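Each remark here refers to the structure printed beneath this line.
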Amino acid sequence: MSKAIQAVRGMNDLLPDVVERWQRIEAIARDVWHAYGYREIRLPILEKSELFARSIGNETDIVEKEMYSFEDRSGENLTLRPEGTAGCVRAGIENGFLHNQIQRLWYAGPMFRHERPQKGRYRQFHQIGVEAFGIESADLDAELIMMCARLWTALGLEGLTLQLNSLGTLESRIVYRRELLRYLETQRDQLDDDSLRRLDKNPLRILDSKNPEMQKIIAAAPSLYDHLDDVSREHFARLGEYLRHAGIPFTVNPRLVRGLDYYTRTVFEWTTERLGAQSTVCAGGRYDGLVEQLGGKAAPAAGFAMGMERLVDLLTQQTQPYTEVRPHVYLALLGDAAEMQGLVLAEQLRDAGLRIECNCGGGGLKAQLKRADRSGAHFALLLGEQEAGSASVNVKDLRGSGTQVQVAQNELVDYLKQRTGRGEIS
Ligand code: HAM
């Protein structure tokens, strides 16, 4: 026997039981986004590599070491999208729906980053994201955060906390960066390898270091907040007021800098202590400079994205009930005449809104009942030669009493619906 081929490392199969959990979350999220006037956009998974270099930033971990990039057969440099914001902005500029317009959009789908796989961190993962264009004021930032909070409630999720920071404008950040560099240079011999690597390219990311030995140096670093321009400071204060008024608790984390370069002003993360190291479930912020940076007419923008795998993990831990898609009825068919009649009978039951799994491929009664049981159906319908002759079926209750009653085929829909009404079928 030849060796079986395995999936690519860090890329997971989602089996039906898990998919059903995902579908439930996706459906609830969609309803929440729609309640705020956000509309779905579907974007290509492949984009030109340059798009991500120009938006996420050449000096970020994502662009430097995590992208799945390749040359296609026409020699074009392409990348499997590592996130959704860049593509959304690209599409907005290309289709002309950003200039002087307010747009509220959401998307969902796979993203790709060549990271070291571990629990909660994969090479193909899935995001649900939201992007809003054309609104500069902090009420939009508040709305985005309130949408997240509403989703957590709708999903029954607990234990998520919100951290906020403001990165100011690009200009104020340049001033801060200079100041930070000056300080970090004085600490150079105490910096770890990661920080030394970031020192020249992206010193702000040093603030995000998780190394305990770096914490003292970071704590004594000049504060980004002290270097904020007045307008950004006011914008941030206003956001705080909106959130307090809406009853959404948050903490300001002056060290929150995010791993993508396009952010300006507000950045935020929702984290949990229940997922170990990969604790950020949702993250986002404002990126007022990105549309212009990618060649469009300047337009303010903000958004967020959440990791589906992490959301599902968290929900599974909290053992939320969810409805699986199981057939109401398994239709067992014995003999030629029954098989002939059965496929049509199944269609009639489906017309009435019931989910039917039909026994295809024959087999004896025992084998078919075993399959019926495994299907998770509430009832088995037994249709043999005799029932086919008398246009009836035997209805066997597989979950409750185990009883079996004979019902005429033309009364079957009413009979099953009546039992549905009694809550025996969901
Ligand atoms: P991000 O922080 O890179 O932001 O990713 C957002 C979320 O995606 C993370 O908080 C995490 O839940 C999930 N995620 C990221 N990488 C992985 C991975 N390797 N495995 C599993 N889950 C992962 C963005 O992508 C921005 N585009 C968010 C945004 C939208 N900002 C403004 N608009």
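None of the values given here were measured: they were computed from a predicted structure. For the numbers below, each heavy atom of this structure counts, side chains included, while hydrogens, waters and symmetry mates do not. Order of appearance sets the numbers: ligands from 1, and atoms from 1 within every ligand.
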Ring pair (Phe, Tyr, Trp, His ring centres under 6.0 Å) partners for Tyr176, two or more places apart
His227

Does Glu94 pair with Arg90 as a salt bridge, N-O distance under 4.0 Å?
yes

Which heavy atom of Cys88 sits nearest to which heavy atom of Leu105, and what is that distance?
SG-CD1, 4.0 Å

Minimum heavy-atom distance Met147-Val32, with the two atoms named:
O-CG1, 3.7 Å

Filter the ligand 1-protein atom pairs down to N or O on both sides and distance under 3.5 Å, then list them.
unit_1, atom_1, unit_2, atom_2, d
ligand 1, 2 (O), Arg258, NH1, 3.0
ligand 1, 2 (O), Arg258, NH2, 2.9
ligand 1, 3 (O), Arg113, NH1, 3.0
ligand 1, 3 (O), Arg113, NH2, 2.8
ligand 1, 4 (O), Arg258, NH2, 3.0
ligand 1, 5 (O), Gln127, NE2, 3.2
ligand 1, 8 (O), Gln127, NE2, 3.1
ligand 1, 10 (O), Thr280, O, 3.4
ligand 1, 12 (O), Thr280, O, 2.9
ligand 1, 12 (O), Val281, O, 3.2
ligand 1, 12 (O), Gly307, N, 3.2
ligand 1, 16 (N), Arg113, NH1, 3.4
ligand 1, 19 (N), Glu115, OE2, 2.6
ligand 1, 19 (N), Tyr122, O, 2.9
ligand 1, 20 (N), Tyr122, N, 3.0
ligand 1, 25 (O), Arg113, NH2, 3.2
ligand 1, 25 (O), Gln127, NE2, 3.0
ligand 1, 27 (N), Glu83, OE1, 2.5
ligand 1, 27 (N), Thr85, OG1, 2.8
ligand 1, 27 (N), Tyr262, OH, 3.0
ligand 1, 31 (N), Tyr263, OH, 2.6
ligand 1, 33 (N), Thr85, OG1, 3.2
ligand 1, 33 (N), Glu131, OE1, 2.8
ligand 1, 33 (N), Glu131, OE2, 3.1
ligand 1, 33 (N), Phe304, N, 3.3

Among Arg265, Arg238, Arg286, which residue meets the salt bridge (Lys or Arg N to Asp or Glu O under 4.0 Å) test with Glu136?
Arg265

Between His328 and Phe379, does the ring centre distance come in under 6.0 Å?
no

